[in-house]
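As structure tokens, the structure follows; a few thoughts come after it.
Owing to the predicted nature of the structure, the values given are computational and were not obtained by experimental measurement.
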2 protein chains.
Amino acid sequence: MKNSQLYKGSLNTIIMKLLEEQGRMYGYEITQKVKEITKGELNITEGALYPALHKLEAEGLLDVEVEKVDNRLRKYYKLTEKGATETVNRLAELEEFIKNMQTIVNPKLSY
Amino acid sequence: MKNSQLYKGSLNTIIMKLLEEQGRMYGYEITQKVKEITKGELNITEGALYPALHKLEAEGLLDVEVEKVDNRLRKYYKLTEKGATETVNRLAELEEFIKNMQTIVNPKLSY
DNA sequence: ATATATACATAATTTTCTTATGCATAACAT
DNA sequence: ATGTTATGCATAAGAAAATTATGTATATAT
């Protein structure tokens with residue numbers, strides 16, 4: 001990812017959320033999309049991304065379609081049915097996580 | 001921590017924030033405080049906490065004072081000057097992280 | 001020609017956590 | 001009195017997830 005180790009553990013959720021929103025994406029596209037959304041702050045490294053995609057596929061949460069565009073290979077990923085269900089859970093967990101972290105950072109705002 | 005791996009990488013920031021706020025705390029107290037703040041959702045395990053405290057101390061970010069209370073040992077930790085400075089940076093990173101994650105989860109709300 | 005962008009992949013290592021275990025005292029319930 | 005829960009620290013083995021460093025290959029811009 002980047003310097004801040006806070007992103008550790010959030011990569012799978014990020015991937016799944018983007019796929020839920022975009023329908024289907026290929027690896028490189030995901031890295032660019034995240035960079036764009038976070039204004040360059042979060043850079044997903046290939047060494048983290050590709051193994052993560054492979055694992056999600058192995059778990060049956062993603063499906064792959066290989067296509068050749070401009071003579072270059074692209075592997076398009078999309079959520080399976082199981083993956084879509086799981087995404088809902090992960091996003092709920094993420095919201096809880098964010099809420100908890102905000103409570104820790106700013107205890108005065110939570111009541 | 002708990003089930004959700006999202007908390008990976010956030011333990012150091014949590015410890016430092018609490019110490020900034022509370023002045024000084026001992027390990028067990030930190031686990032209880034976090035449990036209380038998050039209404040039982042986040043349980044810091046000893047296997048994660050103590051090595052983290054030792055590392056922060058080794059990095060010169062924390063100081064320790066050992067005290068005996070009720071015939072039981074307590075190791076009170078507090079931020080060093082270096083630790084206090086670093087805490088400011090880590091909290092800024094945390095706020096950026098939260099903002100970025102919220103943007104990813106809910107892109108419509110960011111403009 | 002050379003660098004940058006696009007597009008995938010994996011291997012070695014590091015970081016961080018979980019799980020399991022160990023020691024010891026205090027408080028509480030039966 | 002005896003067992004369980006709470007308090008308080010610690011470390012070791014293993015798993016999970018990342019970083020860093022490579023490797024391959026095509027396209028595009030300078």
Side-chain angles (χ1 to χ4, degrees), chain A residues 1-16 24-36 40-59 61-62 64-77 90 93-94 97 101, chain B residues 1-16 24-36 40-59 61-62 64-77 90 93-94 97 101:
Chain A
M1 304 264 201
K2 211 194 119 191
N3 26 347
S4 172
Q5 81 262 61
L6 291 166
Y7 293 92
K8 250 176 219 276
S10 60
L11 179 56
N12 287 337
T13 304
I14 291 172
I15 291 171
M16 291 166 77
R24 66 171 209 165
M25 298 180 85
Y26 56 99
Y28 185 76
E29 187 184 11
I30 292 175
T31 66
Q32 300 308 301
K33 183 75 180 175
V34 169
K35 199 184 290 182
E36 177 206 326
E41 279 203 45
L42 178 51
N43 290 290
I44 297 176
T45 60
E46 295 159 304
L49 177 67
Y50 292 115
L53 287 171
H54 300 160
K55 201 186 172 205
L56 289 171
E57 188 196 348
E59 288 167 352
L61 301 174
L62 301 187
V64 192
E65 284 164 22
V66 181
E67 282 181 35
K68 206 157 195 175
V69 180
D70 288 336
N71 206 32
R72 272 202 239 86
L73 203 72
R74 280 186 190 172
K75 292 180 104 175
Y76 279 96
Y77 289 90
R90 304 258 180 132
E93 274 180 26
L94 176 57
F97 166 65
M101 291 305 287
Chain B
M1 305 265 200
K2 212 192 119 190
N3 26 349
S4 172
Q5 83 262 61
L6 289 167
Y7 293 91
K8 235 182 229 284
S10 59
L11 179 55
N12 287 337
T13 304
I14 291 172
I15 291 171
M16 292 167 76
R24 66 172 209 164
M25 299 180 86
Y26 55 99
Y28 185 76
E29 188 184 10
I30 292 175
T31 67
Q32 299 309 301
K33 184 75 179 174
V34 169
K35 200 184 289 183
E36 178 206 327
E41 278 204 45
L42 178 51
N43 290 290
I44 297 178
T45 61
E46 296 160 303
L49 177 67
Y50 292 115
L53 287 172
H54 300 161
K55 200 185 174 207
L56 288 170
E57 189 197 348
E59 288 167 353
L61 300 174
L62 302 187
V64 192
E65 283 163 22
V66 181
E67 281 181 34
K68 207 158 194 175
V69 180
D70 289 336
N71 207 32
R72 272 201 237 86
L73 203 72
R74 279 186 191 172
K75 293 181 106 174
Y76 280 96
Y77 289 90
R90 304 256 181 134
E93 273 180 26
L94 176 57
F97 166 67
M101 290 306 286

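- Proximity of Leu6(B) to Met101(A): side-chain heavy atoms (C-beta onward) are nowhere separated by under 4.5 Å.
- For the pair Phe97(A)/Ser10(B), a side-chain contact is recorded, criterion being any heavy-atom separation below 4.5 Å from C-beta on.
- Comparing dA10(D), dT18(C), dT10(C) by their nearest atom to the side chain of Ala48(B) picks out dT18(C).
- Between dA27(D), dA26(C), dA9(C), one nucleotide has an atom nearer to the side chain of Tyr50(A) than all others, and that is dA9(C).
- To the nearest 0.5 Å, atom CD of residue Glu93(A) and atom CD of residue Gln5(B) are 7.5 Å apart.
- dA18(D) atom C1' lies 13 Å from atom CG of Leu6(A), rounded to whole Å.
- Nearest nucleotide to the Glu46(B) side chain, out of dT26(D), dA9(C), dG8(D): dG8(D).
- As a whole-Å value, the separation of Asp70(A) CG from dA29(D) P is 12 Å.
- Between the CG atom of Leu53(A) and the P atom of dA9(C) there is a distance of 8 Å, given to the nearest Å.
- If you check every strand for non-hydrogen atoms under 4.0 Å, Arg72(B) touches a base.
- Listed pair Tyr26(A) / dA7(C) meets the phosphate criterion, a side-chain N or O lying under 4.0 Å from OP1 or OP2.
- Among the nucleotides dG8(D), dA18(D), dT19(D), the one closest to the side chain of Thr45(A) is dT19(D).
- No engagement by Glu29(B) is indicated, since no non-hydrogen atom pair under 4.0 Å with the nucleic acid exists.
- Residue Gln32(B) is the one, among Gln32(B) and Lys75(B), whose nearest nucleotide of DNA chain D lies closer to the 5' end (criterion: closest heavy atom).
- Nucleotide dA27(D) holds its P atom 13 Å from the CG atom of Leu73(A), rounded to whole Å.
- Distances shorter than 4.0 Å separate some side-chain N or O of His54(B) from OP1 or OP2 on dT11(D).
- Counting heavy atoms from C-beta outward, Leu53(A) and Ile30(A) have side chains that approach closer than 4.5 Å.
- Of all heavy-atom pairs spanning Tyr77(B) and Val64(B), the tightest one is CE2-CG2, 3.3 Å.
- Counting to the nearest Å, the P atom of dT28(D) and the CG atom of Asn71(A) are 10 Å from each other.
- We find that OH of Tyr7(A) is positioned 13 Å from P of dA18(D), with the value rounded to whole Å.
- Without hydrogens or angle criteria, Asn12(B) side chain to Gly9(B) main chain gives no donor-acceptor distance under 3.5 Å.
- Comment: Glu57(A) does not engage Lys75(A) in a salt bridge, judged by the lack of any side-chain N to carboxylate O separation of less than 4.0 angstrom.
- With rounding to whole Å, Ile44(B) atom CD1 is found 9 Å from dC17(C) atom P.
- Rounded to an integer number of Å, the gap from Phe97(A) CZ to dC17(C) P is 11 Å.
- Checked against dC8(C), dT11(D), dA17(D), the side chain of Lys55(A) finds its nearest nucleotide in dA17(D).
- Between Gln5(B) and dA17(D), a side-chain N or O to OP1/OP2 separation shorter than 4.0 Å is present.
- Nearest to the side chain of Arg74(A), among dA7(C), dG8(D), dT10(C), sits dA7(C).
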Pairwise N/O distances under 3.5 Å, protein to nucleotides 12-15 of chain D:
none

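- Lys35(B) has its side chain out of reach of Ile44(B): every pair of non-hydrogen atoms, C-beta onward, lies at least 4.5 Å apart.
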